[in-house]
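For reference, the structure discussed in these notes is given below.
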Amino acid sequence: MRIGIIGSGVVGQTLGAKLAERSHDVVLGTRNPANTGEKRGYGASLGEWVKATGNRAKVGTFADAAAHGEVVINASKGDAAVAALELAGRDHLAGKILIDVGNPLDFSKGMPPTLTVCNTDSLGEQIQRVFPDVKVVKTLNTVNCDVMVDPGRVANGDHHLFVSGNDASAKQQVIAWLKDWFGWKEIIDLGDITTARGTEMVLPLWIRLMGALGTPFFNYKVVR
């Protein structure tokens with residue numbers, strides 16, 4: 001499957017590497033694809049990343065990634081997501097499923113970060129409003145990127161993931177992909193895109209738990 005990823009940091013790199021490993025045709029979108037030597041935050045340099053995928057994945061502009069993908073993943077920083085998707089191009093995104101894994105985190109005052117939007121809005125909703133022709137599905141944003149692609153790292157996968165979105169068929173397709181691509185077993189459909197407020201607002205708790213537990217390898221399990 002052709003998959004475009006918007007964002008070349010550690011989250012985009014982790015998702016892209018796993019998808020390439022699973023024989024998907026991946027283009028990782030970045031602002032400056034020619035700069036292959038610069039380390040990307042907590043991720044590798046783009047040159048190192050391509051080499052680590054066995055040269056199975058490619059790097060391009062945001063527009064290259066969006067045009068390439070049958071499905072597009074937003075893995076850009078929350079405060080830059082809408083701008084990055086604008087650069088990706090409305091025509092390249094229109095009618096496609098956009099899996100939004102971003103969180104509206106503001107690190108401008110250091111740790112712990114605050115949320116740039118909460119309570120009455122969410123990043124997922126903002127993206128859906130700006131791109132009404134796109135089928136936005138919010139998911140994967142409540143776990144560490146390594147757990148995103150390997151849920152078995154925590155309790156043998158016995159924990160929950162959530163999806164939010166306005167298009168029911170798009171959500172069911174994303175649920176199927178999450179199971180097939182990464183091995184997720186337990187996925188709860190929360191409802192329309194406004195429910196992304198809840199999963200994004202989990203992040204302040206997630207960050208405090210990471211500090212208390214001393215590891216990012218944990219997740220939530222809903223017991224009823």
Side-chain angles (χ1 to χ4, degrees), residues 5-7 9-16 18-19 41-43 71 73-79 81 97-107 111-128 136-166 170-224:
I5 300 177
I6 308 300
V10 66
V11 175
Q13 289 183 15
T14 302
L15 291 167
K18 176 58 71 171
L19 290 166
Y42 293 107
V71 59
I73 300 173
N74 171 47
S76 59
K77 289 176 57 180
D79 58 358
I97 294 174
L98 175 70
I99 301 173
D100 173 32
V101 307
N103 280 304
L105 297 176
D106 179 2
F107 291 92
M111 287 289 288
T114 56
L115 297 175
T116 60
V117 58
C118 62
N119 294 322
T120 59
D121 201 2
S122 65
L123 177 60
E125 290 171 84
Q126 290 177 346
I127 293 171
Q128 186 64 86
V136 179
V137 178
K138 187 83 180 192
T139 192
L140 289 173
N141 65 304
T142 52
V143 292
N144 162 270
C145 60
D146 293 307
V147 179
M148 289 181 187
V149 301
D150 185 8
R153 294 191 68 159
V154 176
N156 295 315
D158 185 20
H159 45 93
H160 284 91
L161 195 64
F162 310 98
V163 297
S164 302
N166 292 340
K171 285 188 291 185
Q172 289 306 306
Q173 180 62 80
V174 170
I175 288 171
W177 285 334
L178 291 169
K179 292 178 177 181
D180 178 55
W181 293 347
F182 307 131
W184 280 93
K185 301 174 184 177
E186 304 290 343
I187 304 172
I188 297 176
D189 182 348
L190 294 177
D192 68 22
I193 195 62
T194 66
T195 62
R197 300 174 193 179
T199 57
E200 291 178 9
M201 289 170 65
V202 159
L203 264 293
L205 173 60
W206 189 95
I207 290 165
R208 297 296 187 172
L209 281 169
M210 182 179 68
L213 299 173
T215 177
F217 298 116
F218 64 91
N219 193 22
Y220 305 101
K221 178 175 173 60
V222 178
V223 181
R224 52 186 172 182

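Note that the structure is a prediction, hence the values are computed from the model and not measured.
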- Message: Once you measure the plane-to-plane angle for Tyr220 and Phe218, does it fall in the parallel (<30°), tilted (30-60°) or perpendicular (>60°) bin?
- Response: perpendicular
- Query: Do the side chain of Asp192 and the main chain of Thr194 share a donor and acceptor less than 3.5 angstrom apart?
  - Reply: yes
- Nearest-0.5 Å distance that lies between atom CG in Leu19 and atom CH2 in Trp181: 6.0 Å
- Item | Closest approach of Ser164 to Lys171 (non-hydrogen atoms, all atoms of both residues) | C-CD, 3.9 Å
- Are the side chains of Gln13 and Ile5 in touch, meaning some heavy atoms are under 4.5 Å apart? no
- Message: Do Val222 and Glu186 make a side-chain contact, defined as non-hydrogen atoms from C-beta onward lying under 4.5 Å apart?
- Response: no
- Task: Please report the shortest heavy-atom distance between Lys138 and Ala196, naming the atom on each side.
- Result: CG-CB, 3.8 Å
- Message: Let me confirm one number: the CD-OG1 distance from Glu200 to Thr195, rounded to the nearest 0.5 Å.
- Response: 10.0 Å
- Candidate list Lys221, Arg153, Lys185, test salt bridge (charged side-chain N to carboxylate O under 4.0 Å, His left out), partner Asp158, passing option: Lys221
- Message: As a quick check of understanding, evaluate side chain to side chain contact (heavy atoms under 4.5 Å, CB included) for Val71 and Trp177, giving each step before the final call.
- Response: CA-CA 11 Å; Val71 59; Trp177 285 334; 3.5 Å; yes
- Item | Distance (rounded to the nearest 0.5 Å) between Ile6 CD1 and Asn74 CG | 7.5 Å
- Task: Taking the side chain as every heavy atom from C-beta outward, state whether Asn141 and Leu123 have any pair of such atoms under 4.5 Å apart.
- Result: no
- Item | Point-to-point distance, once rounded to the nearest 0.5 Å, from OG1 of Thr116 to CG of Asp79 | 6.5 Å
- What distance do Asn119 atom CG and Met201 atom CE have between them, rounded to the nearest 0.5 Å? 4.0 Å
- Note on the structure: Note: Ile193 and Ser122 closest approach over all heavy atoms is O-OG, 4.1 Å
- N/O donor-acceptor pair under 3.5 Å between Asn144 side chain and Phe217 backbone: no
- Query: So, for Lys179 and Ile187, which heavy atoms are closest and what is the spacing to 0.1 Å?
  - Reply: CG-CD1, 4.1 Å
- Compare all side-chain heavy atoms of Lys18 with those of Phe182 and state whether any distance is below 4.5 angstrom. yes
- Checking side chain to side chain contact (heavy atoms under 4.5 Å, CB included) for the pair Leu115/Leu105: CA distance, chi angles, key distance, verdict? CA-CA 5 Å; Leu115 297 175; Leu105 297 176; 3.7 Å; yes
- Item | Pairwise side-chain contact, Thr14 with Asp146, heavy-atom cut-off 4.5 Å (strictly under) | yes
- Minimal heavy-atom distance between Val163 and Asp189, with the atoms involved, is CG2-CA, 3.6 Å
- side chain to side chain contact (heavy atoms under 4.5 Å, CB included) assessment of Gln173 paired with Ile97: CA-CA 9 Å; Gln173 180 62 80; Ile97 294 174; 4.0 Å; yes
- Message: Run the side chain to side chain contact (heavy atoms under 4.5 Å, CB included) test on Leu140 and Leu161 for me, step by step, so that the C-alpha distance in whole Å, both residues' side-chain angles and the decisive distance to 0.1 Å come before the verdict.
- Response: CA-CA 7 Å; Leu140 289 173; Leu161 195 64; 3.7 Å; yes
- Message: Any side-chain to backbone donor/acceptor pair from Asn219 onto His160? Under 3.5 Å, distance only.
- Response: yes
- Task: Taking the side chain as every heavy atom from C-beta outward, state whether Val147 and Trp184 have any atom pair closer than 4.5 Å.
- Result: yes
- Item | Where Leu15 and Met148 come nearest, the two heavy atoms and their spacing | CD2-SD, 4.2 Å
